[in-house]
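Below: the structure, in structure tokens.
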Amino acid sequence: MSVERSELAPRYAAADVEPGIYERWVASGAFAPAAEPRPGARRFVIIQPPPNVTGALHLGHALTAYVEDIMVRYHRMRGDDTLWLPGVDHASIAAQFVLDRILAEEGESRQSLGRERYLERMWQFMDETRDMIGRQHRRLGASLDWSRLRFTMDDGSARAVRVAFKKLWDAGLAYRGEALVNWCPRCRTTISDLENIHSEETGSLWTIRYHLAGADGAPDPAQWVSVATTRPETIFGDTAVAVHPDDERYRPLVGREAILPFIGRRVPIISDEGVEPGFGTGAVKITPAHDFDDYAVAQQHALPMISILDEDARLTEGAGEFAGMDRYDARAAVVAALAAMGDLESERPHQMVIGRCDRCGTVVEPRLSVQWFVRVKPLADRALASVREGRTQILPDHFTKVYAHWMENIHDWAVGRQLWWGHRIPAWYCPDGHITVSDHEAGPEACATCGRSASELRQETDIFDTWFSSGLWPFSTLGWPDETADLGRFYPTSVMETAYEILFFWVARMMMLGLFCMDVEPFHTVYLHGLVRDPYGRKMSKTKGNVVDPLEMIDEVGADALRFALVSGNSPGVDQRLTDAKVAGGRNFTNKLWNAARFVLGSRPDPLAEPEGEPSLPERWIRSRLAEAVARATAQLDGLELAAYVSTAYELAWSDYCDWFLEMAKVELRRDDASPGKRARIWRGVAGALGELLRILHPLMPFVTEEIWGRLHAIDPSSTHGEPLLMSAAWPTGRTRDEAAEADVSVLVALVRGVRNLRTEAGVPASTWLPLTIVPTDATARATIEHGLDLVGALARVRPLELRPAGDDAARPESVLSTPVAIGWLGEVGRTAAHADERRGAAEEHLRRGIDRLRTLVAGEFATRAPAEVVERERARLAELESELRLLTGG
RNA sequence: GGGCGGCUAGCUCAGCUGGUUAGAGCACUUGCUUGACAUGCAAGAGGUCACUGGUUCGAGUCCAGUGUCGCCCACCA
């Protein structure tokens, strides 16, 4: 097959190229690891952070997929035993939130459908979004092993959840108990501390009077204690008033009783160190069931705890006339009533910290209830030690401190959720109140304590926090609790790559549960990427309307361009702004590759003769550049320095391959006297180097490189080493540099640059051919230039080109060209003595300054104190400058 | 209230364990229908590396402090 010009449009059009490539990859079966690992192969495993099945992928997902895909494609090409396992997360609370909204639009609700129909509806919704997420990953080019696709609600995960929980229970690390927890009245569930988002808000601080009990036990209208509160509606739950023990104002009151307004309950006035005398009135109402501080005080003083809010945050019976009111309506009503009674002393604006539900934004209510908890302290200690002792490394490094701080101050994890969509906690209650935890799908056969039969047991209705199943992800996906082949082969995994936002939510939990269940850290490296922000640095959000759909962007510029834009110049842990300019940069680079390929494919001599002769200098040079780039790219990819790899690849392609190598190759290909064999030799060099370049670029630009590779393979399989699919080609290794070729080309490049520079300075258009006379500085340079005369001529657009013997004085007086390799003059241009002197003067000045600086440096303490090689480098540099200066001045 | 991070060219950002004259992309200036590419080519200009002090032969890089922006954690009514 030969490549027709018409097939290759001058602009890269993603829509024409990308469709079909992904299918070819999938069909090749190369996404999945081989049935058996190659003997001695290294292992590289990434378990994909499962996106929530709640909707479309956003740019953060795209970044995740790109970073991981680069790593994975690289390792696959290296021949490592590579697995990238995809999955999706059932996201219980988030999913319910989304589905509830959809149902509301349909005029239905969770309650109207009932548990069974609701869950049916949820599965249907999940199936749709799961497919969509799969399709989206394909567009991104994510080379995930779809044969191992997992879901956090599939049977395997369900079993892992049961077994893990049973294991925790048996170890005494899971328990059920009464405690104050965060309650979202809208989601109607408990949430963890992490899902309770604190922010500073302005509310009110009211000062209200609690009258003291008189001698007759009735409220004494003349005596009262004033308390400051932000939550007057909770007075019905008060069980004490507290003051500081040293507060003189209140000392006489301690031990007496205050009477709550409206309901007349008598509560003790107690003293507690925790009260801040300077705040408010110095007296605090204590509401143990609705405030974390007060809860602690109540425990210490053995105060009763009275709940006065129901699950919808409405006041209960205990609130007397206010019962049934919403908490905020009740607040207003209570304040109004107190004012009417003359017991409201003041109201003023107050800055305070409010907790809101991460999911729905509703103000979270502390609520006293019986809950399931995991005692995480012992797990956290191990997870922290793993990182401290380097068995797991976090990138960037400074997140280690953040992780450590969290692990050190960790609270028990409230794992129960009063939701429907999720894994039900595998605990059963018998009528006598015994608890049996079972990891059998069908539940226990009998009560573990009293032996009552299964039919008398009732399963817990609470489900698990969605992060519980996510915490098992690195091994539940590989078949745990069974000792599967995959588990043995791929656990522990290599890199956990995810957003730093979920370090606590997820990474920390995987570390704790991974160590607990498997005894081995789930991954050796945690690579945390930053947020993708809009061009103004704002977080993307639907409400701001600044969300960018990755797929729309791909429609516009192609998947490779987006990948380049997201990955280039992006370092771990740092947020980045995605700008149009950056995306355009990616598009331009894709196009550049496309066009370089057009040139290479279109310049194949037809027929292609048997190559003859030795590799030309440009070919040797590009081979050496490729070798150097491959060495660097390899080190960078191994070290997870993705941005550095990207710039290595970019420079190699654009600067070395396109700007210099192809330009030199053109000269050689167009040489009139070249024989078919020579021409073939040159073209093969160009094509072979392209093949090598494509391998290096493939992880970064998978689509365009695969397409070009395919076309190259079609017309010259030797350039692809007979491998039809780039993604299955080998990463280059064992390439050696050619120092001589690099030195020679840098001589020619210096000369060409010198001429171009001069030409621009003199205002001569690049299109004008000019005569050039040069005097090389030494024999080596002379030989190099002599061999590269036609290259210099063509690249610098000089003709005729005359080489004078070294030391030819005729050149010196009027010389206008000064490079490290030659001096000379460009015919007809700038030949005035003034111009020449000016140029020479400037060059001389520059050299003298450099020499002075280095002489002082080398003469000082530097010479004795600095390492020998550093000193040597400076000395060599000095000698170089001195010889240039001699040359320039003829001294 | 604790902790973390950023401050490098007009803009967005790289600069690993301190070692030549601090880099890239975009923007800017000047020229270019150069037989792959104007989504391009060539040549340029542009930085007291936030500030102060210290360590060192040598500091953008290490230490201390200051300023400023941002983030995370935290039960003060």
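First the proteins, then the strands, lettered A, B, ... as listed; each starts at 1.
With distances taken from any side-chain atom of Val275(A) to the nucleotides A36(B), A43(B), A77(B), the minimum falls on A77(B). Listed nucleotides A36(B), C73(B), C37(B) differ in distance to His405(A); the shortest reach to its side chain belongs to C73(B). Of the candidates A74(B), A43(B), C37(B), C37(B) carries the atom nearest the Arg598(A) side chain, counting heavy atoms from C-beta on.
Among the heavy atoms of the strands, none lies under 4.0 Å from Ala584(A). Looking at heavy-atom distances under 4.0 Å, Thr579(A) makes no contact with the nucleic acid at all. Base contact: Glu276(A) has a heavy atom under 4.0 Å from a base atom.
Under 4.0 angstrom from either OP1 or OP2 of A36(B) there lies at least one side-chain N or O belonging to Lys666(A). Between Arg11(A) and U39(B), a side-chain N or O to OP1/OP2 separation shorter than 4.0 Å is present. Here Arg873(A) does not reach the OP1 or OP2 of G19(B): none of its side-chain N or O atoms lies under 4.0 Å away. A close approach under 4.0 Å does occur between a side-chain nitrogen or oxygen of Asn757(A) and OP1 or OP2 of G44(B). OP1 or OP2 of A42(B) has not a single side-chain nitrogen or oxygen of Thr760(A) nearer than 4.0 Å. Residue Asn588(A) places at least one side-chain N or O closer than 4.0 Å to OP1 or OP2 of G40(B). Close to C41(B), at under 4.0 Å from its OP1 or OP2, lies a side-chain N or O of Trp654(A).
Taking atom P on both nucleotides, C49(B) is separated from C11(B) by 16 Å, rounded to a whole Å. Here, G46(B) and A24(B) have their P atoms 14 Å apart, quoted to the whole Å. One C1' atom belongs to C26(B), the other to G19(B), and the distance between them is 31 Å to the nearest Å. The same atom, P, is picked in A9(B) and in G60(B); the two are 15 Å apart, to the nearest Å.
One finds a salt bridge joining Lys539(A) and Glu501(A) here, because a Lys/Arg side-chain nitrogen approaches an Asp/Glu carboxylate oxygen to under 4.0 Å.
Remark: Lys592(A) is not positioned above the aromatic ring of Tyr657(A), lacking an NZ or CZ atom under 6.0 angstrom from the ring centre and at most 45 degrees off the axis.
Taking the six-membered ring for Trp and thresholds of 30 and 60 degrees, Phe589(A) and Trp654(A) have nearly parallel ring planes, at less than 30 degrees apart.
With Arg327(A) contributing its side chain and Arg231(A) its backbone, the two residues share no donor-acceptor pair below 3.5 Å.
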Exercise for review: Sugar-phosphate atoms are those with a prime plus P, OP1 and OP2; base atoms are the rest. Using that split, label each nucleotide of nucleotides 56-71 of chain B B, S or - for protein heavy atoms under 4.0 Å, 5' to 3'.
Suggested key: -B--------------

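Side-chain atoms of Glu663(A) come within donor-acceptor range of the base of A36(B), with a qualifying N/O pair under 3.5 Å. Taking only distance into account, the side chain of Lys401(A) never meets the base of C4(B) through a donor-acceptor pair shorter than 3.5 Å.
Spacing between atom CZ of Phe399(A) and atom C1' of G5(B) amounts to 8 Å, rounded to whole angstrom units. If you take CZ of Arg577(A) and C1' of C26(B), they are 14 Å apart, rounded to a whole angstrom. Regarding Gln576(A), its CD atom lies at a distance of 13 Å from the C1' atom of G25(B), rounded to whole Å. We find that CG of Leu566(A) is positioned 14 Å from P of C13(B), with the value rounded to whole Å.
Rounding to the nearest 0.5 Å gives a distance of 9.5 Å between CD of Glu365(A) and CG of Leu180(A).
Secondary-structure annotation of RNA chain B gives the stems B:1-7 with B:67-73, B:10-13 with B:23-26, B:28-32 with B:40-44, B:50-54 with B:62-66, with a stem taken as at least 3 successive Watson-Crick or G-U pairs whose two distances both fall under 3.5 Å.
A donor atom on one side chain and an acceptor atom on the other are not found under 3.5 Å apart for Lys666(A) and Ser603(A). For the residue pair Tyr536(A) and Asn546(A), no side-chain donor N or O sits within less than 3.5 Å of a side-chain acceptor on the partner. Under 3.5 Å, the side chains of Asp638(A) and Tyr645(A) contain no donor-acceptor pair of N or O atoms. A donor and an acceptor atom, one from each side chain of Asp272(A) and His301(A), are located under 3.5 Å apart.
The salt bridge (charged side-chain N to carboxylate O under 4.0 Å, His left out) search around Glu861(A) returns Arg865(A), not counting sequence neighbours.
Summary of the strand contacts: Asp193(A) and Ser568(A) both lie near RNA chain B, and taking for each the nucleotide with the nearest heavy atom, the more 5' one is attributed to Ser568(A). Residue Asp575(A) is the one, among Asp575(A) and Pro277(A), whose nearest nucleotide of RNA chain B lies closer to the 5' end (criterion: closest heavy atom).
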